[in-house]
Amino acid sequence: MTTAAAPSPSLTSVFVRLKLSLLRNGLRQSAGRTAVYITSLVVTAVFAAAMVLAFLLMRGNADADSIVVLLTALLALAWTVMPLFVPSGDETLDPSRLVMLPLRPRPLVRALLVASLVGVGPLFTLCIALGASLALARGAAGVVAAVVAVPLVVVVCVALSRAVAAANVRLLTSRKGRDLAVLSGLVIAVGMQLVNFGAQRLSRAGGLSSLEPAAAVVSWLPPASAIAAMDSASKGDHAVAAAQLLLTVAVLGALLYWWQRSLVKLMTTPDGSTIGAASASGRDRAGTGLLGRLLPGGRTGTVMERSLRYIWRDPKTKAAWITSLAIGAIVPLFNAFQGTGSIYFACFASGMLGMLMYNQFGQDTSAFWMVAQTISTPADAYAELRARALALLLITVPFTVLVTAGTAAVLGDWSSLPEALGVAFALLGAMTAVGAVASATFPYSIPQDSAYKNVAPGQGGLAWISIFGGMVAAALLCAPVIAATIYLHLADEESLLWLLLPGGTLYGALITWGGLKLAAPRTSGRLPEILAAVSKG
């Protein structure tokens, strides 16, 4: 006698229960984690309620459609970049945990998508979509469009986030993924500057009505197109509303297909970090690649290559460089766009980049002892410092030219480009010179165990003296070029201002050479103290 086999539960329900179990077990780990989750849930709920109320108050406003469409686009953008900068925010973002299970891609995508709808983020997105429907949906056609558009927006946002995460899962679980997390603060800071800049431009452009051209374009970009469909249906443009909804559905299908292809590739392709390791090590032994061939030979090229590899591979060094490059470009260019800047604001880029020469040996941390073994005379120290400065200038000089030329283009002040470049190069040379001396005189350690600590405990005073004292010294060293610039302007000698470019460049080069020469004997004579300082913590 045989009995019928019990029906197996669907994969979707299994994954939903798994997601709930992960959430429940995670909250049971500690009372602090539970408190943080509940607090975040309450804050999110309050903010979502405030947004829904704001959308409700916008109902009937002539600019409501533009505001709601653009806010939906920003929400979708947040869903896109969230897995890249918060890779550990959701443990189920890594589908490589399911590689050994006998699961087909299509049911797996469906199960993961439904399970992904369980969480604070989808709930907040649902509230925003509901608020948008309250602001835009009018009449029977608008309500019908809202019934389709609201869940469509949520599903597209979640699918977009999951597809991006699956396509970059190797990155998110590697060291480079942790590098992105270190840089997330920079992205937020730059984003705040962009929002501030946009708000200022908006206030001068005549109010919210100036958003209409941008909203007209964004209304055809999913998932904002689904929100725009509610407004189109409410206005009687049924064909346009249907086209916007169909476009959103088509993009959802494309995202699901991309997600499925990424899962297939992830589950059938070996991890590249373990394949060809022997051949990669052979290439490392055979040579240093294109970068090594482009750099000069001897110790200079070796030190330059090491410094450039630190910039690319070390998270702290990379974060410092990207921060300096971003802020050095944002300050002069944004002021120029606002019409309140000067071409001399481009010197801000020189100052930010020149600060990267400070605490050169602290960037090496405890590995500096290997460098110290190669320094026995002031000549060795000079060669080491000169190569590090050349690696710095290899990036900073063309970037300074680019930012200064961009500022001149925005301001339409090309005649002032030579003098501004001369002052910028002089400042860059002064910062490089003082940075070399400060590196030998006031070295300090950069902790590697925390992404938020840049100075070891007890060395904060050294860092302040090194950075701010060095900035004052660099300003004093740059005073002759600044004085010459002011004099030529006051004397109405505009025809001679072009001389500031070769003069400032030569002055910056001489100051750099003098600073390196001064720092070399200090470095070779203080190697034990430098090694002890940079190895602390």
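Everything numeric here is computed off the predicted structure, so don't read it as measured data.
Here the closest heavy-atom approach between residue L385 and residue T523 is recorded as CD1-OG1, 3.6 Å. Across G328 and A349, no two heavy atoms sit closer than the pair O-CB, 3.4 Å. In this structure, S342 and L411 approach most closely via the heavy-atom pair C-CD1, 3.6 Å. Across all non-hydrogen atoms, the minimal contact from A426 to V481 is CB-CG2, 3.8 Å. Contact record, A433 with G515: CB-CA, 3.7 Å, taken as the closest heavy-atom pair. Nearest heavy-atom pair across L417 and A408 is CD1-CB, 4.4 Å.
Taken from CD1 in I530 to OG1 in T441, the straight-line distance is 8.0 Å, to the nearest 0.5 Å. Atom-to-atom distance recorded for L394:CG and L308:CG is 6.0 Å, nearest 0.5 angstrom. Between the CG atom of L333 and the CG atom of L402 there is a distance of 8.5 Å, given to the nearest 0.5 Å. In this structure, CE in M304 is found 13.0 Å from CZ in R309, a value given to the nearest 0.5 Å. Residue R388 holds its CZ atom at 12.0 Å from CG of L516, rounded to the nearest 0.5 Å. Taking CD of E305 as the start and CG of L295 as the end, the distance is 6.0 Å to the nearest 0.5 Å.
Side-chain contact between T396 and W321 is present, with heavy atoms from C-beta onward closer than 4.5 Å. Using a 4.5 Å heavy-atom cutoff, the side chains of L356 and L392 are in contact. Counting heavy atoms from C-beta on, the side chains of Y382 and T377 never come closer than 4.5 Å. For the pair T374 and D380, the minimum side-chain heavy-atom distance is 4.5 Å or more. When side chains are defined from C-beta on, L71 counts as touching M51, because their heavy atoms get closer than 4.5 Å. You'll find the side chain of L421 stays beyond 4.5 Å of the side chain of T505, heavy atoms only. In this structure, V164 and W79 have side chains that are not in contact, with every pair of non-hydrogen atoms separated by 4.5 Å or more. A 4.5 Å side-chain heavy-atom check between T125 and L75 finds at least one atom pair inside the cut-off.
Side-chain atoms of T404 never come within 3.5 Å of backbone atoms of A346 as a donor-acceptor pair (strictly under, hydrogens ignored). Put simply, the side chain of T317 never gets that close to the backbone of I311: no donor and acceptor are under 3.5 Å apart. Side-chain atoms of S439 come within 3.5 Å of backbone N or O of G435 as a donor-acceptor pair. Judged purely by atom type and a 3.5 angstrom limit, S350 uses its side chain to pair as donor or acceptor with the backbone of A424. Listed for the R386 side chain is no donor-acceptor partner under 3.5 Å among the backbone atoms of T300. No donor-acceptor distance shorter than 3.5 angstrom exists from the side chain of S161 to the backbone of C157, with no hydrogens or angles considered. A donor-acceptor pair is defined here as one N or O able to donate and one able to accept, closer than 3.5 Å; such a pair exists between the side chain of S524 and the backbone of P521.
E529 and R522 are not joined by a salt bridge, as no carboxylate oxygen comes within less than 4.0 angstrom of a charged side-chain nitrogen.
Applying the ring pair (Phe, Tyr, Trp, His ring centres under 6.0 Å) test to F361 and every residue at least two apart in sequence or in another chain returns F368. With sequence neighbours excluded, the residues forming a ring pair (Phe, Tyr, Trp, His ring centres under 6.0 Å) with F47 are F124, listed by chain and number.
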Determine, stepwise, if the pair L490 / Y487 fulfils side-chain contact (heavy atoms from CB on, under 4.5 Å). CA-CA 5 Å; L490 293 178; Y487 171 77; 5.8 Å; no
Begin with the C-alpha distance, continue with both residues' side-chain angles, and end with the deciding distance and a verdict on side-chain contact (heavy atoms from CB on, under 4.5 Å) for T485 and I482. CA-CA 5 Å; T485 305; I482 298 176; 5.6 Å; no
Intermediate values then yes/no, side-chain hydrogen bond (donor to acceptor under 3.5 Å, both in side chains), S116 and R162: CA-CA 8 Å; S116 301; R162 287 293 185 165; 2.6 Å; yes
With side-chain contact (heavy atoms from CB on, under 4.5 Å) as the test, would you mind laying out the steps for L123 and T44 before giving the verdict? CA-CA 9 Å; L123 178 62; T44 302; over 6 Å; no
Determine, step by step, whether V371 and E384 satisfy the side-chain contact (heavy atoms from CB on, under 4.5 Å) criterion, reporting the C-alpha distance in whole Å, the side-chain angles of both residues, the deciding distance to 0.1 Å, and the verdict. CA-CA 9 Å; V371 178; E384 176 75 22; 3.6 Å; yes
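Contacts classified as side chain to side chain donor-acceptor pair (under 3.5 Å) and involving residues 406-434 (residues at least two apart or in different chains) are given here: Y344-E419, D413-S415, D413-S416, E419-H489.
Other residues, nucleotides and ligands contribute at most 12 non-hydrogen atoms within 6.0 Å of the CH2 atom of W513. No more than 12 heavy atoms of other residues, nucleotides or ligands sit less than 6.0 Å from atom CZ of R261.
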